[in-house]
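Excluded from the calculations below are hydrogen atoms, water molecules and symmetry mates; all remaining heavy atoms, backbone and side chain alike, are included. Position 1 is the first residue of the sequence; numbering continues from there. Everything quoted here is computed from the prediction, not taken from an experiment.
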Amino acid sequence: MSRALVSVRDRFEATPRSLDDDELTRMARGDRGCLGDLLSGVGAVGLVAAVILGAMDKISFSWTYAGIGLWIGGFVWGTISQSRSGKLRAQALESGPLVLGVVLRSDEWLRRPGKRVGRAVVLFCLDDERRFDRAWLERAAAAVDAGFDRSGGPDLVPLRALIVDRDAFGIHLVPEALLAELGAGDDRPSRVYLASVHVHPERLEGGYLGGDDDREAGELDVDIDAPSRAPSVVAIVDPDHGFIEQVPRRPAAAPSQADE
């Protein structure tokens, strides 16, 4: 196990976690969703249009109330959605298990140092003895990848979508049939999942996928786009609610003398 992973586990593995951590607090902010913003936008445009048309005596000024209603209703809807989303995210960040996810697919720019957020498809396991067993996770990822070529069925549709569709997001349980190649010693049913996750380079060591491996090796790969092993992402997950959030792999900043 790498020093970087040990540091992250020391910081985030124990639950319940305190959201006093500035980075976890930012992650816990809820999403407003698209519907509320859409309604507010339509209401604002409708309000302006109603005022203009009313001034031209084309329509009654009472139509402005419809625009105002949509505008306010969209804002309220977005606020409620953000509150509900924030509660779910906070609960997951406080109590969700920390896992190591092996990357099967990722946006190309994530393999080079940068700041652009990208998407990656990762495989992780919730079994305590395998959550951080990178060698086993790599074998499982290879078995799943190979299984797509020889297996079919409706249960594989959402998993295939994660692989081939860059706009697909979700967390899906991997069928046991895809893990059959792991061998007799690994045939016990496991809670293995395939998920898509937003990867933030600033949360990665070196600012790119595989940066922690390069640091452990003491040198950079000759070809960053073709690393010697699949990179990994550390995340907090809650599959029941479709939640997965990457956590920083760098250690927490040391307190300054002023803070002491």
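Dense packing is recorded around CH2 of Trp109, with more than 12 heavy atoms of other residues, nucleotides or ligands lying under 6.0 Å away.
Of all the heavy atoms in Leu159 and Pro175, the pair that sits closest is CD2-CD, 3.9 Å. Minimum heavy-atom separation, Ala195 to Ile171: CB-CG1, 3.7 Å.
Residues Leu5 and Phe132 are in side-chain contact: their nearest non-hydrogen atoms beyond the backbone lie under 4.5 Å apart. The shortest distance between side-chain heavy atoms of Val237 and Leu126 falls below 4.5 Å. Residues Arg134 and Arg229 are in side-chain contact: their nearest non-hydrogen atoms beyond the backbone lie under 4.5 Å apart. In this structure the side chain of Ile244 reaches within 4.5 angstrom of the side chain of Val122, judged on heavy atoms. For the pair Phe169/Val121, no side-chain contact is recorded, criterion being any heavy-atom separation below 4.5 Å from C-beta on. Between Val102 and Val233 the shortest side-chain heavy-atom distance does not fall below 4.5 Å.
With hydrogens and angles ignored, the 3.5 Å screen pairs a side-chain donor or acceptor of Arg131 with a backbone N or O of Leu98. Using modelled atom types, one side-chain atom of Arg17 and one backbone atom of Gly96 make a donor-acceptor pair closer than 3.5 Å. Put simply, the side chain of Ser40 gets close to the backbone of Phe75: a donor and an acceptor are under 3.5 Å apart. Looking only at distances, no side-chain donor or acceptor of Asp107 sits under 3.5 Å from a matching main-chain atom of Gly118. A donor-acceptor pair under 3.5 Å is absent between the side-chain atoms of Arg116 and the main chain of Leu110, judged by distance alone. Checked by atom type and distance alone, the side chain of Gln246 pairs as donor or acceptor with a backbone atom of His200 at under 3.5 Å. Side-chain N or O atoms of Asp165 include one that pairs as donor or acceptor with a backbone N or O of Asp167 at under 3.5 Å. Between the side chain of Arg130 and the main chain of Cys125, no donor-acceptor pair closer than 3.5 Å is present. Formation of a donor-acceptor pair under 3.5 Å by the Ser196 side chain with backbone atoms of Leu162 is not found in this model. Checked by atom type and distance alone, the side chain of Arg111 never pairs as donor or acceptor with a backbone atom of Gly210 at under 3.5 Å.
The pair Arg191-Glu129 does not meet the salt-bridge criterion, since no charged nitrogen lies less than 4.0 angstrom from a carboxylate oxygen. A salt bridge between Arg139 and Asp133 is absent, with no side-chain N of the basic residue lying under 4.0 Å from a carboxylate O of the acidic one.
Placement of Leu47 and Val76 within a single hydrophobic cluster is found when ILVMFWY residues are connected by side-chain heavy-atom separations under 4.5 Å, directly or transitively. Linking Ile, Leu, Val, Met, Phe, Trp and Tyr whenever their side-chain heavy atoms come within less than 4.5 Å puts Met56 and Val48 in one cluster.
In this structure, OG on Ser60 lies 9.0 Å from OH on Tyr65, to the nearest 0.5 angstrom. We find the OH-CG distance between Tyr193 and Leu123 to be 11.5 Å, quoted to the nearest 0.5 Å.
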